[in-house]
Structures are given as structure tokens and as C-alpha cells.
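The next block holds one structure in the form of C-alpha cells; read it before the comments.
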Amino acid sequence: MKLTKDEARVLAQAMRIAKYEMNTLSFNVFDKFTELEDKLEKFGKDKRRIGRTSQDDFNDCLKRFAKS
């Protein structure tokens with residue numbers, strides 16, 4: 001399964017929210033989720049979009065993700 005850059009950024013944001021809830025279940029996965037979140041965020045950065053009308057901020061990313 002391949003992820004697009006937009007999908008990776010949406011997953012990183014979801015991970016940012018969910019890691020706090022998962023950590024309360026005492027699995028001690030907070031650090032691992034933070035690493036995964038960082039990897040997804042890094043992969044999701046699209047340097048080609050900088051300076052274009054479709055910017056690389058999360059709102060534009062979410063709009064593209066919703067349309068696909």
C-alpha cells in the first residue's frame with residue numbers, strides 16, 4: 001500500500017491527537033507514536049507546493065485529501 005503525501009500528513013495529524021488517548025491505556029507507546037508521527041510529517045512535506053497557489057499548509061492538504 002502506498003501513501004500519498006496528503007494522506008501521510010492527515011495520518012500524522014490523527015496520530016498527534018490519538019497518541020494521548022492510547023497512552024492512557026498504559027501501553028507506553030507515546031514515544032513510538034511520536035516517532036511515527038514525525039516520520040509521517042516529514043514524508044508528507046511537499047516542497048514542490050511552496051510558492052504555488054495550492055500551498056503546503058494543512059488546510060490545503062485537507063481540502064485535497066477530501067476531494068480525492
Side-chain angles (χ1 to χ4, degrees):
M1 178 174 85
K2 292 186 176 184
L3 291 176
T4 66
K5 291 185 181 294
D6 291 340
E7 290 169 339
R9 290 193 59 199
V10 170
L11 283 173
Q13 184 66 26
M15 184 71 63
R16 185 173 294 125
I17 296 167
K19 69 181 175 183
Y20 294 102
E21 293 178 25
M22 297 291 264
N23 199 47
T24 61
L25 299 175
S26 72
F27 290 124
N28 298 325
V29 293
F30 190 82
D31 293 333
K32 290 294 184 181
F33 278 153
T34 302
E35 287 178 30
L36 180 58
E37 174 191 336
D38 291 341
K39 286 181 183 180
L40 288 169
E41 191 69 37
K42 183 178 177 183
F43 174 73
K45 291 290 182 188
D46 194 354
K47 295 178 182 171
R48 298 172 297 166
R49 294 191 189 277
I50 296 174
R52 292 186 171 182
T53 56
S54 60
Q55 295 295 317
D56 195 35
D57 66 352
F58 189 70
N59 288 332
D60 290 327
C61 171
L62 203 54
K63 287 177 189 174
R64 288 190 302 271
F65 178 73
K67 285 183 181 180
S68 65

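All residue numbers in this chain count up from 1 along the given sequence.
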Exercise for the section: Using the test salt bridge (Lys or Arg N to Asp or Glu O under 4.0 Å), find all partners of Lys19 that sit at least two apart in sequence or belong to another chain. Expected result: Glu37
Practice task
Using a strict 4.0 Å threshold on nitrogen-to-oxygen distance, state whether Glu7 and Lys2 make a salt bridge.
Solution key: no
Handout entry: Under the side chain to side chain contact (heavy atoms under 4.5 Å, CB included) test, residues paired with Leu11 that sit two or more places apart
Key = Leu3, Leu40
Practice task
Begin from the C-alpha positions of Arg16 and Glu41 and carry the test side chain to side chain contact (heavy atoms under 4.5 Å, CB included) through to its verdict.
Solution key: CA-CA 10 Å; Arg16 185 173 294 125; Glu41 191 69 37; 3.5 Å; yes
